[in-house]
Amino acid sequence: MKKFIAYCGLDCEKCEARLATINNDNDLRKKVADKWSKLNNITITSEMINCEGCRIDGTKTVFCDKFCQIRQCALSKKYETCGECSEIKTCKKVAMVIENNAEALKNLEK
């Protein structure tokens, strides 16, 4: 499993928050913060957009580190990704990602 595949199957190498972090791109941080604020109906500032990847050591966004139910569940079960879980096809937590992202599901099935 690629180290930049998140617990939910998303590819962190393509994540705009990670790209903004590794490229120190403040314009992209603002764009991501605005988009995530609208999507989640909460206030996310550009200063919160710092992440090096979900499953690797290093900086994570506050959401990914503390509030992502998918990440917290996988960590508690000591799974590398949700692909190891026997409940993946019925899990409501990961469903919000894999039902809308065929690539994420494919990454978890590898």
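Note that the structure is predicted; figures quoted are calculated from it, not measured. Only heavy atoms go into these numbers, but all of them, side chains included; no hydrogens, no water, no symmetry mates. Quick note: residue numbers are just sequence positions, from 1.
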**OP:** Starting at CG of Leu10, measure out to CG of Leu105 and round the result to the nearest 0.5 Å.
**Re:** 11.0 Å
**OP:** Work out which heavy atom in Cys12 is nearest to a heavy atom in Ala6; give both atom names and the distance.
**Re:** SG-CB, 3.9 Å
Subject >> Heavy-atom check, side chain of Trp36 versus side chain of Ile42, under 4.5 Å >> reply: no
**OP:** Mind jotting down which residue pairs meet the side-chain hydrogen bond (donor to acceptor under 3.5 Å, both in side chains) criterion with at least one end in residues 56-68? Sequence neighbours excluded, please.
**Re:** Glu52-Thr59
Original post:
With sequence neighbours left out, which residue pairs that include part of residues 94-106 fulfil the side-chain hydrogen bond (donor to acceptor under 3.5 Å, both in side chains) condition?
Top reply: Lys14-Glu103
Subject >> Interatomic spacing from SG in Cys51 to CD1 in Ile22 - rounded to 0.5 Å >> reply: 11.0 Å
Original post:
Centre of Phe4's six-membered ring, under 6.0 Å away, within 45 degrees of the axis: is that where NZ or CZ of Arg55 sits?
Top reply: no
Original post:
Is the closest side-chain heavy-atom distance between Ile49 and Glu16 below 4.5 Å?
Top reply: no
Original post:
To the nearest 0.5 Å, how far apart are CG in Leu28 and NZ in Lys35?
Top reply: 8.5 Å
**OP:** Find the distance between SG (Cys73) and OH (Tyr7) and round it off to the nearest 0.5 Å.
**Re:** 11.0 Å
Original post:
Cys8 and Ala104: which non-hydrogen atoms are nearest, and at how many Å?
Top reply: O-CB, 3.9 Å
**OP:** With the side chain counted from C-beta on, respond yes when Met48 and Arg29 share a heavy-atom pair under 4.5 Å apart, and no when they do not.
**Re:** no
Less than 3.5 Å apart, which donor and acceptor atoms pair up between the side chains of residues 83-97 and the rest of the protein, not counting sequence neighbours?
residue : atom : partner : partner atom : Å
Glu84   : OE2  : Glu80   : N            : 2.7
Lys89   : NZ   : Glu109  : OE2          : 3.4
Thr90   : OG1  : Glu87   : O            : 3.3

Original post:
So which residues get pulled into Val62's cluster when ILVMFWY side chains under 4.5 Å apart are joined, directly or through others?
Top reply: Phe63, Phe67
Original post:
Taking Asn41 for the side chain and Lys38 for the main chain, is one N or O donor matched with an acceptor at less than 3.5 Å?
Top reply: no
Subject >> Presence of salt bridge, Lys30 and Asp34, under 4.0 angstrom >> reply: yes
Original post:
How far does CD1 of Ile70 sit from CD1 of Ile98, to the nearest 0.5 angstrom?
Top reply: 8.5 Å
**OP:** Please identify each residue that fulfils side chain to side chain contact (heavy atoms under 4.5 Å, CB included) with Asn23, with sequence neighbours left out.
**Re:** Leu19, Asp25
Subject >> Partners meeting side chain to side chain contact (heavy atoms under 4.5 Å, CB included) with Ser37 (sequence neighbours left out) >> reply: Ile44
Original post:
Heavy-atom count around Gln69 CD within 6.0 Å, excluding the residue itself: above 12?
Top reply: no
